[in-house]
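Data block below; observations after.
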Amino acid sequence: MTEPTESEDYKGYRDPMRGVMQRFGVTVWSEIHARTTRGDFEGLVLPRSETADADHLILKLVSGYNIGIRHDTVLEMRKVGYRKAEYKIPEEPFPVDPGKPRVMLFGTGGTIASRLDYRTGAVIPAFSPGELYGSVPELADICNLETEKLFGVFSENMGAPQYLVLAEHVGKAIADGYDGVVIGHGTDTMHHTAAALSFMVQNSPIPIVMVGSQRSSDRPSSDAARNLIAATWAAAKGPIAEVVVCMFGPTSDRYNLLHRGTRVRKMHSSYRSTFRTLGDIPLAMVHEDGSIEHLHENYQPRRDDRDAKVQIAFEDKVTILYYYPNMQPDVIDALVQCGYKGIVIAGTGLGHVNKTVYPALRRARDAGVQIYMTLQTLWGFVQMHVYETGREILDLGVIPLANMTPEVGYIKLGWALGLHPNDPERVRELMTATVAGEMTEGEPFDGYLVLQGGVPEAAELIRKVWW
C-alpha cells in the first residue's frame with residue numbers, strides 16, 4: 001500500500017503530539033512499537049478526531065481496543081510498517097432457500113449497523129442491512145432475509161416522524177406475508193420505539209423483534225452479531241407475535257432475552273446486558289442454537305392470518321416531567337404556555353408532587369392539558385389513595401397509570417392524543433386501559449430483583465452461576 005500524502009500524514013493531529021510524531025518519523029496508519037513511561041505498546045496509529053485535544057496519540061492495539069498515549073509520556077516510537085485500515089464491510093446478495101421463512105430486516109442506524117468515522121472519532125450509522133449479512137453469514141442458515149434501510153440515525157434522533165414511517169413499513173411487511181420482522185436500532189432509545197410500535201401495530205400475527213448492540217462492530221467484545229442472530233431466530237421461527245426487544249441476558253453471550261416492548265428499559269450505559277423487564281419477567285430466552293425457552297405464560301402467539309390492527313399517529317406536544325423537591329409551578333405553566341397537550345409526571349413515592357405546584361396543575365387541567373402520574377421508582381404501582389397528598393393530586397385531575405413506566409406513559413399519551421386530538425374522554429379511556437401489556441394486574445415475586453454487590457445473597461448467586 002502506498003504511503004500517505006503530506007496532507008494525510010498527521011490527519012487530526014496538532015502540536016504538541018504532532019511534533020512528537022514528526023521527531024520519530026511516525027504518521028497516521030503507521031504500525032509502531034511505542035516505549036512510554038507507562039509501558040510498551042504495539043499497534044496502529046489512527047487518525048485523530050478534528051475536535052479532540054492535541055495531547056494524545058490514538059493507538060489501536062492488536063487486541064482491537066484503542067488507547068490514548070499522552071505526548072509527554074513518550075520515550076520512543078519506532079515505525080515497523082504501514083497499514084491503512086478499511087472499515088467497509090462487504091455487501092453480499094443473500095442466498096434464497098424456498099423452504100425457509102421470509103424475514104424483513106429494517107435498518108434505522110445505531111451501533112448494530114455502524115462503522116468508525118475518523119473525521120470525528122465517533123461511531124456513525126453506516127452499514128447497510130446487506131452489509132450486515134456480509135458480516136454475519138449465519139443469518140442465511142435461519143431464513144430468507146430481505147432488507148430495507150429506512151433511516152441512518154443515532155437512536156437519540158429517532159422520534160415521532162420515524163415512528164410513523166417505521167410503523168407503516170412494519171404494517172406493510174405483515175400484509176405482504178413476511179414471517180417475521182427484525183428492526184436494527186440504537187440501544188439508547190430502543191425502548192421508546194418498542195413502545196411506539198406496540199401501540200401503533202397491535203394484534204400482530206408475526207414477531208416484531210427490535211435489536212441493537214452495546215459494543216460497536218469494530219470491537220472484539222461486540223455483541224452485534226450474537227444479538228442479530230438471536231433476533232433473527234425469534235423473528236423467523238419464534239412463537240411470540242409481539243413487539244419485543246432481543247438483547248443479551250447475562251453479560252456473557254450464553255443466551256438472549258426477549259423483553260415485551262412496553263415493559264422493557266435500558267438500565268446500564270455500557271453493560272451488554274443493559275435491557276431489563278420492569279415489574280414483570282422477560283417473555284423468553286433465545287439460546288445459541290436458536291431454541292426458545294419460554295419464561296412467561298402470557299404472550300400473543302404467532303398466527304397464520306394477516307389481521308394486524310395498525311393505528312399510526314403521534315402528538316408531538318407531549319412531555320415527561322420528572323418531579324424533584326422544590327419544583328416550582330412555573331415549570332408546568334411554561335409547558336401550558338408553549339402549547340403542550342399532555343404531561344406525564346414521574347412522581348415520588350406512590351405518585352406524589354409538592355403542594356407548591358398544585359395551582360399550576362389546576363391551571364393546566366383547566367386549559368385542557370391531560371396529566372398522568374407514573375413513578376420514578378420504575379417498579380411498583382401508583383397508589384394515590386393512600387396518603388393525603390395523593391388524594392389531593394387526584395382531585396386536581398391527575399390520572400394514575402398503575403405500573404406503567406414514565407417512558408411508556410409518554411409514548412402512549414403521544415399516540416392516544418394523536419389518534420383522538422379532540423376527544424379527551426377517549427384519550428383517557430385508552431390511557432387507563434391495557435392495550436399492549438403496558439400495565440399488569442400485579443408484579444411477580446421475582447419481577448423485582450436487585451442484588452447489591454458485597455451482600456451474602458449476591459455472593460452466593462455469583463458462586464452458583466460462575467463457579
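FYI, side chains are in, hydrogens and waters are out, and symmetry mates aren't considered; it's all heavy atoms of this structure.
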At what distance, to the nearest 0.5 angstrom, does [atom1] of [X] lie from [atom2] of [Y]?
{"X": "I411", "Y": "M404", "atom1": "CD1", "atom2": "CE", "result": "12.0 Å"}
{"X": "L228", "Y": "N256", "atom1": "CG", "atom2": "CG", "result": "10.5 Å"}
{"X": "R428", "Y": "I399", "atom1": "CZ", "atom2": "CD1", "result": "4.0 Å"}
{"X": "D280", "Y": "R263", "atom1": "CG", "atom2": "CZ", "result": "6.5 Å"}
{"X": "M210", "Y": "L197", "atom1": "CE", "atom2": "CG", "result": "6.0 Å"}
{"X": "I183", "Y": "M190", "atom1": "CD1", "atom2": "CE", "result": "10.0 Å"}

Crowded around [X] [atom1]? As in, over 12 foreign heavy atoms under 6.0 Å?
{"X": "D289", "atom1": "CG", "result": "yes"}
{"X": "E441", "atom1": "CD", "result": "no"}
{"X": "K237", "atom1": "NZ", "result": "yes"}
{"X": "R363", "atom1": "CZ", "result": "yes"}
{"X": "K172", "atom1": "NZ", "result": "no"}

Looking only at side chains, do [X] and [Y] share a donor and an acceptor under 3.5 Å apart?
{"X": "T187", "Y": "Q214", "answer": "yes"}
{"X": "Y178", "Y": "E146", "answer": "yes"}
{"X": "Y255", "Y": "E288", "answer": "no"}
{"X": "K60", "Y": "N66", "answer": "yes"}

(message) With side-chain contact (heavy atoms from CB on, under 4.5 Å) as the test, pick out the partner of S198 among V408, T262, V435.
(response) T262
(request) Would you mind listing every salt bridge (Lys or Arg N to Asp or Glu O under 4.0 Å) that reaches into residues 374-389, with sequence neighbours excluded? (result) none
(request) Kindly write out the residues that satisfy side-chain contact (heavy atoms from CB on, under 4.5 Å) with A364, not counting sequence neighbours, or none if the list is empty. (result) I332, V336, V369, I371
Quick one: closest heavy-atom pair of [X] and [Y], and the distance?
{"X": "P406", "Y": "L375", "answer": "CG-O, 3.5 Å"}
{"X": "R306", "Y": "P205", "answer": "CA-CG, 4.0 Å"}
{"X": "V318", "Y": "L417", "answer": "CG2-CD1, 3.7 Å"}
{"X": "A54", "Y": "D15", "answer": "CB-O, 3.2 Å"}

(request) Take K355 and E392 through the salt bridge (Lys or Arg N to Asp or Glu O under 4.0 Å) test and state the conclusion after the steps. (result) CA-CA 9 Å; K355 292 179 180 293; E392 291 171 345; 2.7 Å; yes
(request) Check the pair K266 / T274 against side-chain hydrogen bond (donor to acceptor under 3.5 Å, both in side chains), numbers first and verdict last. (result) CA-CA 6 Å; K266 184 174 182 178; T274 177; 5.1 Å; no
(request) Kindly indicate, with the supporting measurements, whether the criterion salt bridge (Lys or Arg N to Asp or Glu O under 4.0 Å) is fulfilled by R70 and D55. (result) CA-CA 6 Å; R70 188 177 168 86; D55 294 329; 3.5 Å; yes
(request) Test R260 against every option in E242, E438, Q300 by the side-chain hydrogen bond (donor to acceptor under 3.5 Å, both in side chains) rule and name the one that passes. (result) E242
(request) For the residue pair F275 and H259, categorise the inter-ring angle as parallel (less than 30°), tilted (30 to 60°) or perpendicular (more than 60°). (result) tilted
(request) Decide if the gap between the ring center of F199 and the ring center of W415 is smaller than 6.0 angstrom. (result) yes
(request) Please check if the distance between the ring centroids of F106 and H185 is under 6.0 Å. (result) no
(request) Check the pair Q376 / Y322 against side-chain hydrogen bond (donor to acceptor under 3.5 Å, both in side chains), numbers first and verdict last. (result) CA-CA 8 Å; Q376 296 177 11; Y322 193 97; 3.3 Å; yes
(message) Strictly by ring pair (Phe, Tyr, Trp, His ring centres under 6.0 Å), give each pair with a member in residues 323-358 just once, sequence neighbours left out.
(response) H352-Y387
